[in-house]
> 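Here you go, one structure.
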Protein chains: 2
Amino acid sequence: MMTLSTFESKKNYHHGDLHEALLVAALEILEEGVDPKALTLREAARRAGVSAMAPYRHFADKDALLAGVAMIGFKRLAIALTAADSNPDPREALLGQGVAYVTFAGDNPALFRLMFGHASPDRSPELSETSFASYKILANRVASLVSPDRVGEWTLLCWTTVHGLAMLALDGRLTRNPDSPAVLAERLLRLLGIVTGAGLTPS
Amino acid sequence: MMTLSTFESKKNYHHGDLHEALLVAALEILEEGVDPKALTLREAARRAGVSAMAPYRHFADKDALLAGVAMIGFKRLAIALTAADSNPDPREALLGQGVAYVTFAGDNPALFRLMFGHASPDRSPELSETSFASYKILANRVASLVSPDRVGEWTLLCWTTVHGLAMLALDGRLTRNPDSPAVLAERLLRLLGIVTGAGLTPS
DNA sequence: CAGAGATGATGACATTGTCAACATTTGAGT
DNA sequence: ACTCAAATGTTGACAATGTCATCATCTCTG
C-alpha cells in the first residue's frame with residue numbers, strides 16, 4: 001500500500017527492518033562489554049532473529065556493519081558535544097566539550113574503541129565526514145577563543161588532550177591517579193591556558 | 001652440561017628457545033601490517049616451526065603471548081624515550097621525548113596498538129610496571145621543568161597530548177593535516193608553553 | 001640406565017566469516 | 001488478478017582460529 005517514496009526504501013520486507021535491527025543488536029552487544037572483539041556478525045544476526053547469512057543482504061561484510069555502528073557512535077558523540085557546548089561562557093563551553101568527550105568514552109568504552117582503532121576512515125567517505133563533524137564542533141568553539149590563524153593548532157591540541165586521556169583511561173593506565181577521567185579532563189584543559197585566556201595572548 | 005642456574009631455566013629443550021622464538025615471530029607478524037588482529041597464535045607457531053599447541057607450553061593462552069609482545073614493546077618504547085631525552089637542554093629533551101613517542105607509534109603501528117587497547121594492564125603486574133617505566137621517564141623530565149607540585153598534571157598533559165596525537169594519526173584521522181605526526185607533536189608541545197617556560201610561571 | 005617431568009604433536013571441537021545454491025516474499029507491469 | 005524478476009532470508013559447506021584431551025618424545029636427575 002504505502003510505498004516508501006524516499007531513496008531509503010530498503011525497509012519493511014521480510015524482517016521488517018533488518019538493517020536497523022542489526023545495528024541495534026550490535027550496539028547492544030557493545031554495551032555489554034568493553035571489548036569490541038565480542039561483537040560478532042553471527043551474534044548480531046542471532047539477536048535479530050535471523051540466520052547467519054541474512055546480514056549480508058544489508059552489509060557487504062562484517063567491517064561494513066562495524067562502520068555502520070561506528071557511524072552511529074560518531075553521531076551520538078556529536079550530539080553530546082553539541083549539548084555540552086551550550087554554556088554561555090565560551091571557555092566553560094570548551095571545557096564542557098572536553099569533559100563530555102571523555103565522559104562519552106567512559107560511558108561507551110567498546111563503542112568508542114570501535115569508532116577509533118577499528119573502522120578505517122578512508123574506507124567510507126560517509127563515515128569520515130560524520131566523524132569530522134565532531135571535529136568541527138570543537139573547532140568552532142575554539143575559534144571563539146583564539147585568533148583565526150591559531151584555531152587549527154589549538155583545536156588539535158584540545159582534541160589530542162581529551163582523546164589521549166580518554167584512550168589511556170579506557171586502557172586502565174590512569175588507575176594510579178585517584179581522580180576520575182572527567183575531573184582530569186577539566187584540569188588538563190585548564191592547564192592548557194586556553195580557558196584562562198592565556199592562549200589568547202600572542203607569544 | 002651447563003645448567004642454567006637462574007630462575008629463567010625455561011630454555012633449550014626440544015626447540016631451542018620456543019618462548020623467545022614465538023615472541024620474535026609475533027613481532028615479525030606485527031611489523032608486516034597495521035592490524036594486531038592479524039597476529040594469530042597458530043601463525044606464530046607456524047613461523048616458529050612448531051605445532052599449533054606447542055605455544056601452550058610457554059604461554060597460558062593467546063592473551064599471555066600478546067602480553068609478552070606488549071612487554072617487549074614497552075621496553076623498546078622506554079629505550080626510545082630515554083635516547084630522545086639525552087638533549088642537554090631540558091626543554092628540547094622533553095620535546096624530543098614527545099617526538100620520539102609519536103615516531104615510535106608511527107614506526108610500529110600494530111605493536112603500538114597492541115600495547116595499548118589490547119593487553120589489559122591489571123592482568124599482569126609485571127606488564128603494568130614495565131609500561132609505567134615510560135611514564136617515569138617522562139615525569140622525570142617534566143620534573144626538571146616545573147615545580148614539584150605540578151609535575152603530575154604537566155606530565156599527564158604531555159602524555160595525553162602525544163598519546164592522543166599518536167592514536168589519531170594511526171587511525172588516519174589527521175590526513176586533512178599536511179604535516180607529519182612528528183612535526184605536529186613538536187608544534188603541540190611548544191603550544192603547551194612548557195617548552196617556552198610559560199608552564200613555570202605560577203598562575 | 002630408568003623413570004619422571006618437560007616439551008611437542010595429533011586429533012577433535014565449537015565458533016567465526018564468508019561462499020554457493022536454494023527458497024520465499026514483495027512489488028511492478030501487464 | 002497474475003506472472004516474473006528482484007529483494008530478502010535459509011541451508012550447508014569450507015577454511016581458519018583458540019583450545020582441550022591425549023599421546024609421543026626428549027632431557028635431566030637419581
Side-chain angles (χ1 to χ4, degrees), chain A residues 1-23 25-26 29-30 32-33 35-69 110 114 118-120 123, chain B residues 1-23 25-26 29-30 32-33 35-69 110 114 118-120 123:
Chain A
M1 33 190 68
M2 177 191 69
T3 45
L4 304 175
S5 57
T6 75
F7 62 96
E8 259 283 359
S9 63
K10 50 176 69 172
K11 297 187 174 190
N12 293 85
Y13 275 79
H14 298 58
H15 175 281
D17 192 350
L18 225 198
H19 187 93
E20 188 69 15
L22 286 170
L23 291 174
I29 296 171
L30 288 184
E32 291 170 5
D35 194 0
K37 274 184 295 191
L39 175 42
T40 256
L41 236 190
R42 292 175 105 109
E43 176 62 21
R46 235 172 268 135
R47 299 201 182 200
V50 296
S51 73
M53 283 303 294
Y56 286 88
R57 303 292 165 175
H58 302 268
F59 299 95
D61 53 13
K62 185 186 178 182
D63 278 346
L65 173 62
L66 261 43
V69 176
L114 175 68
H118 295 265
S120 46
R123 176 145 182 160
Chain B
M1 34 187 67
M2 176 190 69
T3 45
L4 304 176
S5 57
T6 75
F7 59 92
E8 259 281 3
S9 62
K10 51 176 70 171
K11 297 187 176 191
N12 294 85
Y13 274 79
H14 298 58
H15 176 279
D17 192 349
L18 225 199
H19 187 92
E20 187 70 14
L22 287 170
L23 291 174
I29 296 171
L30 288 184
E32 291 171 6
D35 195 0
K37 273 184 295 193
L39 176 42
T40 249
L41 236 191
R42 290 176 107 108
E43 175 62 21
R46 237 172 267 135
R47 300 202 181 199
V50 296
S51 73
M53 282 304 294
Y56 286 88
R57 302 293 169 177
H58 301 268
F59 299 94
D61 53 14
K62 185 186 179 183
D63 278 345
L65 173 62
L66 261 42
V69 176
L114 175 68
H118 296 264
S120 47
R123 177 142 182 161

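Hydrogens, waters and symmetry mates play no part in the numbers below; they use all other heavy atoms, side chains included. Here is the naming used below: chain letters follow the sequence lines, and residue numbers restart at 1 for every chain.
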> Can you check the B:Leu18 CG to D:dC26 P distance for me, whole Å?
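After rounding, the gap between these two atoms is 15 Å.
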> Take the protein atom CZ of A:Arg47 and the nucleotide atom C1' of C:dT16, then report the distance between them rounded to whole Å.
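Going from A:Arg47 (CZ) to C:dT16 (C1'), I get 16 Å.
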> Take B:Ser51 and A:Arg57, find for each the nucleotide of DNA chain C with the closest heavy atom, and name the residue whose nucleotide sits nearer the 5' end.
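Looking at the nearest nucleotide for each, B:Ser51 comes out on the 5' side.
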> For B:Arg46 and C:dT10, what is the distance between atoms CZ and P respectively, to the nearest whole Å?
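Answer to the nearest Å: 14 Å.
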> Look only at the side chain of A:Lys62 and the backbone of A:Leu39, and say whether a donor-acceptor pair between them is shorter than 3.5 Å.
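Looks like yes, one N/O pair under 3.5 Å.
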> In whole angstrom, what separates B:Asp35's CG from D:dT17's P?
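So the two atoms are 14 Å apart, to the nearest Å.
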> Any heavy-atom pair between the side chains of B:Leu41 and B:Tyr56 that's under 4.5 Å?
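The answer is yes; the side chains approach within 4.5 Å.
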> Return the set of residues passing side-chain contact (heavy atoms from CB on, under 4.5 Å) with B:Ala54 (not counting sequence neighbours), or none when no residue passes.
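In terms of side-chain contact (heavy atoms from CB on, under 4.5 Å), with neighbours along the sequence ignored, B:Ala54 is linked to B:Leu18, B:Val50, B:Ser51.
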> B:Val69 and side-chain contact (heavy atoms from CB on, under 4.5 Å): which partner among B:Leu22, B:Ile29, B:Leu23?
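Going through B:Leu22, B:Ile29, B:Leu23 one by one, the side-chain contact (heavy atoms from CB on, under 4.5 Å) with B:Val69 is satisfied by B:Leu23 alone.
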> At what distance, to the nearest 0.5 angstrom, does CD of A:Glu32 lie from CD of A:Glu43?
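Between atom CD of A:Glu32 and atom CD of A:Glu43 there are 8.0 Å.
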> Hey, is the side chain of B:His58 poking within less than 4.0 Å of OP1 or OP2 on C:dG8, counting only N and O atoms?
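Yes, such a contact exists.
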> Looking across every strand, which nucleic acid part, if any, lies under 4.0 Å from B:Ala54 by heavy atom: base, sugar-phosphate, or nothing?
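The residue B:Ala54 makes sugar-phosphate contact but no base contact.
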> Taking CG from A:Leu66 and C1' from C:dG17, how many angstroms apart are they, rounded to a whole number?
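From A:Leu66 CG to C:dG17 C1': 12 Å.
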> Got a sec, which residues hit side-chain contact (heavy atoms from CB on, under 4.5 Å) with A:Ala38, two or more places apart in sequence or on another chain?
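Once residues adjacent in sequence are excluded, A:Ala38 has no partner under the side-chain contact (heavy atoms from CB on, under 4.5 Å) criterion.
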> Write out a two-atom table: protein N or O, nucleotide N or O from nucleotides 18-21 of chain D, distance below 3.5 Å.
from: D:dG18; atom 1: OP1; to: B:Leu41; atom 2: N; distance (Å): 3.1
from: D:dG18; atom 1: OP1; to: B:Lys62; atom 2: NZ; distance (Å): 3.2
from: D:dG18; atom 1: OP2; to: B:Leu41; atom 2: N; distance (Å): 3.2
from: D:dG18; atom 1: OP2; to: B:Arg42; atom 2: N; distance (Å): 3.2
from: D:dG18; atom 1: N7; to: B:Arg42; atom 2: NH1; distance (Å): 2.3
from: D:dG18; atom 1: O6; to: B:Arg42; atom 2: NH1; distance (Å): 3.0
from: D:dT19; atom 1: OP2; to: B:Tyr56; atom 2: OH; distance (Å): 2.7
from: D:dT19; atom 1: OP2; to: B:Lys62; atom 2: N; distance (Å): 3.1
from: D:dT19; atom 1: O5'; to: B:Tyr56; atom 2: OH; distance (Å): 3.2
from: D:dT19; atom 1: O4; to: B:Arg42; atom 2: NH1; distance (Å): 3.2

